[in-house]
Amino acid sequence: MTHLALLAITRTTPRADQLAVEVPALEIRRIGLSEFKQAWIIVSEYNYDILERSFSLEPPASPLPKLSHRFLKTVLKAFRPILMAGQTRVDRL
């Protein structure tokens, strides 16, 4: 089974109680969110799902744009302590 931790990308400035990584302008353009002047990936909360059982996710008809590996490493570094602690997980099963 494929276990997923889904992080939100938002254009709303994170609240003081949220941990987030700001998405650089180049990454915003890379994933096709050019209408966002600023964006953040919220790492202090996430949705948990299992791909093979998901009612929320379907395979895309065409490949989706991807964030760079370098930026994803930054996100993972910020997210890892939250994931390891099991904090603020919302099950989507």
Side-chain angles (χ1 to χ4, degrees):
M1 282 193 256
T2 308
H3 298 264
L4 304 171
L6 306 169
L7 303 174
I9 298 176
T10 182
R11 63 176 147 196
T12 304
T13 304
R15 299 183 317 260
D17 65 332
Q18 291 178 309
L19 296 175
V21 176
E22 188 167 2
V23 181
L26 175 62
E27 299 291 343
I28 290 172
R29 288 191 305 276
R30 183 178 304 209
I31 59 174
L33 296 177
S34 297
E35 71 276 8
F36 286 25
K37 292 182 180 177
Q38 289 182 291
W40 293 265
I41 296 178
I42 306 297
V43 296
S44 57
E45 54 195 57
Y46 64 98
N47 291 330
Y48 170 77
D49 205 350
I50 296 176
L51 182 62
E52 292 81 5
R53 296 189 211 161
S54 180
F55 293 105
S56 305
L57 301 173
E58 296 179 16
S62 59
L64 298 173
K66 296 179 182 178
L67 296 165
S68 71
H69 289 285
R70 185 176 186 187
F71 180 64
L72 286 175
K73 284 181 182 180
T74 301
V75 173
L76 182 58
K77 184 177 179 180
F79 178 55
R80 187 180 312 247
I82 303 296
L83 182 62
M84 294 288 115
Q87 297 172 335
T88 322
R89 172 177 145 171
V90 177
D91 288 335
R92 297 289 179 201
L93 305 175

Exercise. Would you say the side chain of Ile28 lies within less than 4.5 Å of the side chain of Ser34, judging by non-hydrogen atoms?
Worked result: no
Exercise. Quick one: are Trp40 and Ile9 in side-chain contact, heavy atoms under 4.5 Å?
Worked result: no
Exercise. About how many Å separate OG of Ser54 and CG of Asn47, when rounded to the nearest 0.5 Å?
Worked result: 10.0 Å
Seminar exercise, completed: The ring pair (Phe, Tyr, Trp, His ring centres under 6.0 Å) partners of His69 (sequence neighbours excluded) come to none
Problem set entry | Test item: Gln38 side-chain N/O and Thr13 main-chain N/O as donor-acceptor pair under 3.5 Å | no
Problem set entry | Spacing of CD1 belonging to Ile50 relative to NE2 belonging to His3, to within rounding of 0.5 Å | 5.0 Å
For this session: Output all residues satisfying side-chain hydrogen bond (donor to acceptor under 3.5 Å, both in side chains) with Glu35, sequence neighbours left out; order by chain, then residue number.
Result: none
For this session: Check whether any side-chain heavy atom of Leu67 lies under 4.5 Å from a side-chain heavy atom of Ile41, and answer yes or no.
Result: yes
For this session: Enter the distance from Asp49:CG to Leu51:CG here, rounded to the nearest 0.5 Å.
Result: 7.5 Å
Exercise. Does Leu4 reach the side chain of Tyr48, with side-chain heavy atoms less than 4.5 Å apart?
Worked result: no
Exercise. What is the distance from atom CD of Glu45 to atom CG of Leu19, rounded to the nearest 0.5 Å?
Worked result: 9.5 Å
Problem set entry | Lys66 vs Ile31 side-chain heavy atoms within contact, under 4.5 Å | no
Exercise. When hydrophobic residues are tied together by side-chain contacts of less than 4.5 Å, even through go-betweens, does Leu6 share a cluster with Ile42?
Worked result: no
For this session: Flag the pair Phe36 / Thr10 as yes when at least one side-chain heavy-atom distance between them is below 4.5 Å, and no otherwise.
Result: no
For this session: Apply side-chain contact (heavy atoms from CB on, under 4.5 Å) to the pair Leu7 and Phe79, showing each step before the final yes or no.
Result: CA-CA 9 Å; Leu7 303 174; Phe79 178 55; 3.5 Å; yes
Seminar exercise, completed: Here the gap from Tyr46 atom OH to Ile82 atom CD1, rounded to the nearest 0.5 Å, amounts to 9.0 Å
For this session: List the atom of Glu27, the atom of Ser68, and the distance in Å for their closest heavy-atom pair.
Result: OE2-OG, 2.5 Å
Exercise. For the hydrophobic clusters of this structure (ILVMFWY residues joined by side-chain heavy atoms under 4.5 Å, transitively), does one cluster hold both Val21 and Val23?
Worked result: yes
